[in-house]
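To keep things clear, I will list the structure first and then write my remarks on it.
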Amino acid sequence: MTLFEKIVARQIPSEIVHETEDVIAFRDIAPKAPTHVLVVPKRVIPRIAEAKADDAPLLGKLLLAVAEVARKLGLEQGGYRVVINNGRDGGETVPHLHLHVLGGRPLAWPPG
Ligand code: AMP
């Protein structure tokens with residue numbers, strides 16, 4: 001099981017902020033902004049590079065969940081950033097696709 005599958009199964013505690021049949025969102029354990037949430041598909045896609053055409057509906061649901069989470073957490077007015085880290089140079093550390101939602105302060109661009 002991936003770390004995030006264990007969170008879905010409640011084997012590892014987390015602060016869940018949104019959940020549907022297909023998607024879960026919880027606060028990142030090491031937040032990089034005042035609000036930092038991970039939006040994760042319950043079915044494992046290891047990383048975006050390995051997504052297949054069949055995954056398109058689930059990928060769409062993930063993006064809609066991002067917008068829903070941002071609304072719920074009051075990020076809509078100030079804005080927020082959505083990040084997917086893919087592979088070594090992208091900074092991926094957990095091989096289970098996840099979208100970072102970061103907000104609550106101005107974010108620098110370009111990222112480091
Ligand atoms: P990435 O580096 O893009 O693969 O992102 C993995 C993220 O998972 C990091 O931001 C970690 O802080 C976060 N993370 C690791 N373990 C946990 C956990 N148990 N609960 C919540 N977030 C976690």
Side-chain angles (χ1 to χ4, degrees):
M1 265 175 129
T2 70
L3 176 65
F4 295 157
E5 282 180 291
K6 289 180 183 167
I7 287 178
V8 171
R10 274 45 173 194
Q11 290 175 11
I12 292 177
S14 71
E15 194 184 333
I16 295 165
V17 297
H18 182 72
E19 185 168 17
T20 68
E21 194 184 338
D22 305 300
V23 173
I24 192 165
F26 49 88
R27 293 195 190 272
D28 195 293
I29 203 166
K32 305 298 186 291
T35 299
H36 184 175
V37 168
L38 302 176
V39 178
V40 179
K42 291 185 177 178
R43 175 166 67 75
V44 180
I45 299 169
R47 59 195 52 80
I48 195 65
E50 288 171 48
K52 308 279 189 294
D54 284 355
D55 296 320
L58 183 55
L59 296 174
K61 287 177 184 177
L62 285 170
L63 288 175
L64 291 170
V66 162
E68 178 67 24
V69 164
R71 267 192 296 277
K72 267 193 186 177
L73 299 182
L75 295 178
E76 216 172 28
Q77 195 179 354
Y80 53 93
R81 183 168 296 163
V82 184
V83 172
I84 298 175
N85 295 326
N86 188 96
R88 187 194 57 209
D89 284 355
E92 174 200 317
T93 60
V94 179
H96 182 156
L97 180 65
H98 48 284
L99 288 75
H100 296 256
V101 182
L102 299 139
R105 67 170 171 82
L107 298 163
W109 188 262

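Every number for a ligand or one of its atoms is a count from 1 in the order of the listing. Start at 1 with the first residue, then count along the sequence.
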Do me a favour and list the nearest non-hydrogen protein atom to atom 9 (C) of ligand 1 with residue, atom name and distance? Asp28 OD2, 3.3 Å
Please confirm whether His100 and His98 have ring centers closer than 6.0 angstrom. yes
For Ala30, atoms of ligand 1 separated by under 4.0 Å from a heavy atom: 12 (O)
Compare every heavy atom of Gly87 with every heavy atom of Glu92, then report the nearest pair and how far apart it is. OE1-N, 2.8 Å
Smallest separation among heavy atoms of Asp54 and Pro57, with atom names: O-CD, 3.4 Å
Pairwise side-chain contact, Phe4 with Ile24, heavy-atom cut-off 4.5 Å (strictly under): no
Measuring only between side-chain heavy atoms, which start at C-beta, is Thr35 closer than 4.5 Å to Val101? no
Just which atoms of ligand 1 are under 4.0 Å from any heavy atom in His98? 1 (P), 3 (O), 4 (O), 5 (O), 6 (C)
Quick check on side-chain hydrogen bond (donor to acceptor under 3.5 Å, both in side chains): which of Glu5, Glu19, His96 does Lys42 satisfy it with? Glu19
Could you name the option among Leu99, Ile7, Ile29, Leu102 that has the heavy atom nearest to atom 22 (N) of ligand 1? Ile29
Out of Leu97, Leu3, Val40, who is nearest to atom 15 (C) of ligand 1 when you count heavy atoms only? Leu3
Should the proximity of Val83 to ligand 1, defined as any heavy atom under 4.0 Å, be assigned to the side chain, the backbone, both, or neither? neither
Mode of Ile84 contact toward ligand 1 - side chain, backbone, both, neither (heavy atoms, under 4.0 Å): neither
Could you tell me whether Lys32 and ligand 1 have an N or O pair separated by under 3.5 Å? no
Are any of the N/O atoms in Leu38 less than 3.5 Å from those in ligand 1? no
Could you tell me, atom by atom, which parts of ligand 1 come under 4.0 Å of a heavy atom of Phe4? 8 (O)
Would you say Ser14 and ligand 1 have an N/O pair spaced under 3.5 Å apart? no
Is the closest heavy atom of Gly91 to ligand 1 under 4.0 Å? yes
I'd like a table of donor-acceptor pairs (distance under 3.5 Å, sequence neighbours excluded) in which one partner is a side-chain atom from residues 71-79, with atom names and distances.
residue, atom, partner, partner atom, Å
Arg71, NH2, Glu68, OE1, 3.2
Lys72, NZ, Val17, O, 3.3
Lys72, NZ, His18, ND1, 3.1

For Leu97 and Ile48, which heavy atoms make the closest approach, and how far apart are they? CD1-N, 3.7 Å
Identity and separation of the nearest protein heavy atom to atom 4 (O) of ligand 1: Thr93 N, 2.7 Å
Which ligand 1 atoms does Arg27 reach within 4.0 Å, using its non-hydrogen atoms? 21 (C)
Output the rest of the hydrophobic cluster of Met1: all Ile, Leu, Val, Met, Phe, Trp and Tyr residues reachable through side-chain heavy-atom contacts under 4.5 Å, sorted by chain and number. none
Glu92: numbered ligand 1 atoms lying under 4.0 Å from its heavy atoms: 4 (O)
Could you check Leu59 against Lys61 for side-chain contact (heavy atoms from CB on, under 4.5 Å), going step by step and ending with a plain yes or no? CA-CA 5 Å; Leu59 296 174; Lys61 287 177 184 177; over 6 Å; no
Phe26 heavy atoms, cut-off 4.0 Å: which ligand 1 atoms fall inside? 21 (C)
